[in-house]
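Let me begin by presenting the structure, written as structure tokens, before commenting on it.
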2 protein chains.
Amino acid sequence: MDLQGALEILKRNGYKYTGKRKRLVEVFYRESRYLSAKEVLDYMQEDYPGLSFDTIYRNLALFEDIGIVETTEWQGERRYRFCCGGDEHHHHLICTFCGKTRTLHVCPMNAILGKPEDFDITGHKFEIYGTCSTCKADVAVSKM
Amino acid sequence: MDLQGALEILKRNGYKYTGKRKRLVEVFYRESRYLSAKEVLDYMQEDYPGLSFDTIYRNLALFEDIGIVETTEWQGERRYRFCCGGDEHHHHLICTFCGKTRTLHVCPMNAILGKPEDFDITGHKFEIYGTCSTCKADVAVSKM
DNA sequence: ATGTAAATCGTAAATATTACGTTTTAAATG
DNA sequence: CATTTAAAACGTAATATTTACGATTTACAT
């Protein structure tokens, strides 16, 4: 997914192409990491000071539906990031401090031989959490 | 982990052995599935009608700390279940309707060759979500 | 039986998310 | 370009989950 691709999805599906949505796409594209709703609002309010949570959450849900952002959750908060890796299935190594990720191309589901009986699989989650080198350095400094 | 084991942990570590904690352990042992805080409260209030959320959450956090329950989260809610599989590392196949699980003994981390550079791994999550046969039947019936 | 630290109660606060009636706006239409 | 209309955003309130705190009660050691 690139910047233009996301904007195209919005237009193509008949969604209104507002300045706020354009900016929202840009924020995700620029940051290219997991952001909480609060963080998204903070970035957006740089350009739209009065922007409300309603608009943020509504558009985050929309973006998730139409495949502009992918989501996960940690520390009790939902997080959103620009869809990465194109259409190919992937997983993430995630820094829980800054939300930056690395893409993992292996999927553990391939190693699960056969389908379990009497159980309909609807999804799965594989994520590795940790601290990236930048944040590790920051934490070290903050302890001085 | 068995029922006695959990009660032993409480006693051994010098935690007070209250009727409520005993009952809480029993609830988790009996249900042996993931429960939300609300569900736990409901079960507990059968015996202790005035029980507060404070007590539930405080003891859930304690139980997690001392290894009586393991936790995860889905649909925006934290869930707790009696530790299963003894001390061995494992993952779960989870029915998101009833919280029942099956233990997976494979771990995808074994397939990740080597450690990623410049990244301290603090944890990982691998879960398969779906609908168990019982809940599948229930859903079918509810649609009639 | 008594003292004390821990547990619980009752209630309130913090946090994240969702909902709703009203107003504004993008963009389709004539 | 003016008009229309359905969608988007606003402003605000409600809901749900989790956490916090002073007062009271209780388990357990002495």
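Values below: all heavy atoms of this structure, side chains included; hydrogens, waters and symmetry mates excluded. Order of the sequence lines fixes the chain letters, A, B, ..., with proteins taken first and strands second; residue numbering starts at 1 for each chain. All figures in this text were calculated on a predicted structure; none of them were measured in a lab.
For the pair Glu117(A) and Lys115(A), the salt-bridge criterion is not met [side-chain N within less than 4.0 Å of a carboxylate O].
When all heavy atoms of Cys107(B) and His124(B) are compared, the closest pair comes out as SG-NE2, 3.6 Å.
Along DNA chain D, the nucleotide closest to Tyr57(B) and the one closest to Thr18(B) are compared, and the more 5′ of them pairs with Tyr57(B). Between Gly76(A) and Tyr48(B), the residue whose closest nucleotide on DNA chain C is further toward the 5' end is Tyr48(B).
Checking Glu64(B), Glu39(B), Glu73(B) one by one against Arg78(B), the salt bridge (charged side-chain N to carboxylate O under 4.0 Å, His left out) holds for a single residue, Glu64(B).
Of the listed nucleotides (dA7(C), dT17(C), dA8(D)), dA8(D) has the atom at the smallest distance from the side chain of Arg21(A). For Ser52(A), whose side chain is taken as the heavy atoms from C-beta onward, the closest listed nucleotide among dA8(D), dC9(C), dC10(D) is dC10(D). Closest to the side chain of Lys20(A), from the set dT8(C), dT18(D), dC10(D), is dC10(D).
Side-chain nitrogen and oxygen atoms of Arg58(A) include none within less than 4.0 Å of the OP1 or OP2 phosphate oxygen of dT18(C).
Side-chain contact annotation: Gln75(A) with Thr96(A), donor-acceptor N/O pair under 3.5 Å absent. Side-chain polar atoms of Ser32(A) and Lys100(A) form no donor-acceptor pair below 3.5 angstrom.
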ask   = Step by step, would you call Arg79(A) with Thr71(A) a side chain to side chain donor-acceptor pair (under 3.5 Å)?
value = CA-CA 6 Å; Arg79(A) 321 264 174 162; Thr71(A) 73; over 6 Å; no

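Remark: the Lys16(A) side chain and the dA6(D) base include a donor-acceptor N/O pair separated by less than 3.5 Å. The base of dA19(C) lies close enough to the side chain of Asp54(A) for a donor and an acceptor atom to sit less than 3.5 Å apart.
Five base pairs at each end of the helix from dA1(C)-dT30(D) to dG30(C)-dC1(D) define two local axes, and these are offset by 30° (rounded to 10°).
As a whole-Å value, the separation of Lys11(B) NZ from dA29(D) P is 11 Å.
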